[in-house]
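Written out below as structure tokens is the structure these notes cover.
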Amino acid sequence: MNLFKYFQSEVLNVVEEMTVAGKLPAGIDSTKIVTEPPREAAHGDVSTNAALVLAKQAGQKPRDLAERLAHQLKENAAVVAAEVAGPGFINLRLADAFWTARLTEILAEGTAYGDSDFGRAERVNVEYVSANPTGPMHIGHGRGAVVGDALASLLEKVGYQVVREYYINDAGAQVDKLAQAVYYRYREALGIGIGPDVFKDSYPGDYLKPIGQKLVEKYGREWVDAAPEAWLSVFRDFAIAEMMAVIREDLKALGVVFDVFSSERALVAEGGVDAALKALDTKGLVYEGVLEPPKGMVPEDWEPRPQTLFRSTDFGDDVDRPLRKSDGSWTYFASDIAYHLDKFRRGANTMINVWGADHAGYVKRMQAAVKALTDGKGDLDVKVCQLVNLFEAGAPVKMSKRAGTFITLREVVDEVGKDVVRFIMLTRKNDVTLDFDTEKVREQTRDNPVFYVQYAHARACSVLRHAGEAFPDIQLTPAALSGAALGRLTEPGELALIRKMADWPRQVETAARFHEPHRLAFYLYELAGEFHGQWNRGNEAADLRFLKPDDAELSAARLALVSGLATVIASGLEIFGVEPVEEMR
RNA sequence: GCGCCCUUAGCUCAGUGGACUAGAGCAACGGCCUUCUAAGCCGUGGGUCCCAGGUUCGAAUCCUGGAGGGCGCACCA
């Protein structure tokens with residue numbers, strides 16, 4: 001249960017009752033009432049601004065109205081105190097029994113705790129990674145991959161029907177360059193010398209060498225003297241398939257999965273671009289025109305040129321955008337328009353794209369296109385992921401493709417483990433740069449959030465294991481533990497921990513609403529902190545230890561708490577795609 | 001030059017309209033601990049929330065302008 005939503009509806013019920021009783025005017029607007037945790041825990045458990053919002057409409061003083069509302073709210077059995085504070089906030093204090101009931105709920109629901117129907121089974125398409133099939137993934141792709149994957153899981157948890165999608169840019173100039181580079185690797189594999197500058201405009205990486213070798217194994221010398229027109233499509237298709245296999249392996253190592261891989265080439269081949277552009281044209285949004293040079297900077301090879309343009313300025317963009325290149329072929333933007341129309345037609349009114357920082361300039365035009373094509377019915381949110389700076393023990397890792405000192409995502413994942421990479425990628429909001437230190441993330445200290453959260457889960461599991469030794473007859477299943485005498489959980493630290501755990505459903509919903517999975521990393525860190533804190537108090541005072549050999553009843557109640565804690569952490573890590581470990585090694 | 005993003009404690013960052021005192025971790029300083037699983041615990045100091053206006057009963061939060069940093073900027077993806 002999202003207890004804040006519950007009390008929100010309780011507040012609204014009271015408002016409704018008072019309206020019926022004539023104590024409040026009819027037709028009052030209560031939509032601005034919010035019910036949330038007070039900033040200061042000392043103020044209570046639940047706080048609402050209802051009186052402040054309604055005072056003016058009711059023609060009553062905020063504090064007077066607050067007193068009346070508070071009086072009614074006290075009728076709820078869970079409310080032990082309803083105090084008016086400041087200008088007219090109402091702070092509710094809840095009964096211990098209310099909190100222990102939340103623990104029972106957690107034990108009953110398991111990692112499904114925090115699930116909700118917030119999304120109302122609405123369909124959402126989350127597109128992420130979509131790295132060009134021209135090379136292995138780098139650390140920046142990894143961030144997008146994790147953010148997209150976790151966001152998708154988060155949305156599923158709150159009841160959306162989510163499609164995880166990867167768009168393969170397998171059409172256009174980039175993959176032709178790939179074919180070009182692979183052709184030279186093919187010749188090289190046959191022992192034919194290649195010039196020093198052959199990769200100047202394409203892909204010099206060694207990772208294409210095995211592909212050249214495979215082409216030799218498959219075709220021998222067949223293409224050595226053939227014209228480019230002859231080998232281009234063969235080499236291109238082969239190279240794309242090989243590179244996608246590499247990328248899929250990289251993704252697998254990171255634990256990232258997709259429901260759909262969409263091909264740009266296929267979309268073009270089946271006429272999707274022509275259809276989408278025709279649709280735009282029908283709306284009168286396509287025209288032939290000449291763009292001004294970008295304000296304040298004129299590219300060297302600038303020349304005024306008539307182009308086919310999309311009237312994106314009608315939908316909030318800064319300038320109209322070209323749909324066709326000078327050779328008459330479609331631009332990347334044109335096929336992307338078609339792709340987004342395709343996603344919309346496949347049922348996703350809400351689309352979320354996770355992009356790298358270098359694509360930030362495309363957000364407005366893409367949103368403009370979605371608005372135009374769907375008549376405002378489609379919604380596109382773009383999460384732009386800022387750069388990831390790699391460090392090793394505090395020193396920046398210098399990377400240069402030329403010097404061959406390029407660190408791939410795979411290398412980092414193999415070095416520190418997928419769980420570490422995934423968690424760290426979620427410890428910052430997507431739109432700020434993230435420092436990733438391959439040394440620091442393996443430290444076993446409180447500074448390292450991955451360790452700190454994992455350790456809380458492991459420590460909880462450890463306590464449960466020890467319980468089996470101390471109390472051989474005890475049943476440690478959640479179902480059995482929920483039957484414990486939870487009323488014996490009266491220590492402030494224990495109740496504070498349950499309060500934090502009970503906040504999970506609200507945390508999940510808020511993160512989902514803002515499409516911001518990183519919020520959960522902060523929550524999990526705080527939750528882990530509460531648990532470690534209670535553990536440490538047990539170090540000081542033996543009375544506070546979770547296991548008390550001379551008091552089986554109290555121990556069972558505390559074990560229920562420990563089990564619940566492990567459950568909530570596991571529920572969070574599940575969204576992150578991080579395995580909740582049972583012991584640290 | 002234009003667009004987008006960022007600017008909160010010495011450092012790294014939470015905090016998308018509410019109050020009494022703007023939070024956390026690290027670092028600093030002062031104590032303590034050597035453990036039911038060790039990688040710690042308690043306390044103290046530390047802030048013109050980049051600046052200036054505006055909206056509001058109320059602004060770190062919304063709006064406008066400015067400063068600094070990042071990313072991008074027609075016919076590449």
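Each chain gets a letter, A, B and so on, in the order the sequences are listed, and its residues count up from 1. For the numbers below, each heavy atom of this structure counts, side chains included, while hydrogens, waters and symmetry mates do not.
Here A/Glu36 pairs with nothing under the salt bridge (Lys or Arg N to Asp or Glu O under 4.0 Å) rule; sequence neighbours left out. Looking at residues two or more places apart in sequence or on another chain, you find a side-chain contact (heavy atoms from CB on, under 4.5 Å) between A/Ala511 and A/Leu154, A/Arg519, A/Leu520. Here A/Glu469 pairs with nothing under the salt bridge (Lys or Arg N to Asp or Glu O under 4.0 Å) rule; sequence neighbours left out. The salt bridge (Lys or Arg N to Asp or Glu O under 4.0 Å) check on A/Arg499 picks up A/Asp45, with sequence neighbours excluded. Residues forming a side-chain contact (heavy atoms from CB on, under 4.5 Å) with A/Asn132 (at least two apart in sequence, or on another chain): A/Thr134, A/Asn169, A/Gln174. With sequence neighbours excluded, the residues satisfying side-chain contact (heavy atoms from CB on, under 4.5 Å) with A/Ala570 are A/Thr111, A/His457, A/Pro580. A/Tyr207 is linked by a side-chain contact (heavy atoms from CB on, under 4.5 Å) to A/Pro136, A/Tyr203, A/Met243, counting only residues two or more places apart in sequence or in another chain.
Contacts between residues 518-526 of chain A and RNA chain B, defined by a heavy-atom separation under 4.0 Å, are made by A/His518, A/Arg519, A/Phe522, A/Tyr525.
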Below 3.5 Å is the cut-off: list the nitrogen or oxygen pairs between protein and nucleotides 64-71 of chain B, distance only.
from  : atom 1 : to       : atom 2 : distance (Å)
B/C71 : O2'    : A/Ala357 : O      : 2.9

N/O to N/O distances under 3.5 Å, protein versus nucleotides 10-12 of chain B:
from  : atom 1 : to       : atom 2 : distance (Å)
B/U12 : O2'    : A/Arg428 : NH2    : 2.6

Taking Watson-Crick and G-U wobble contacts under 3.5 angstrom, with | marking pairs to another strand and [ ] crossing pairs, the secondary structure of RNA chain B is written (((((((..((((.........)))).(((((.......))))).....(((((.......))))))))))))....

Can you build the contact string for nucleotides 36-42 of chain B? Use B for base contact, S for sugar-phosphate-only contact, and - for no protein heavy atom under 4.0 Å. BBBBSS-

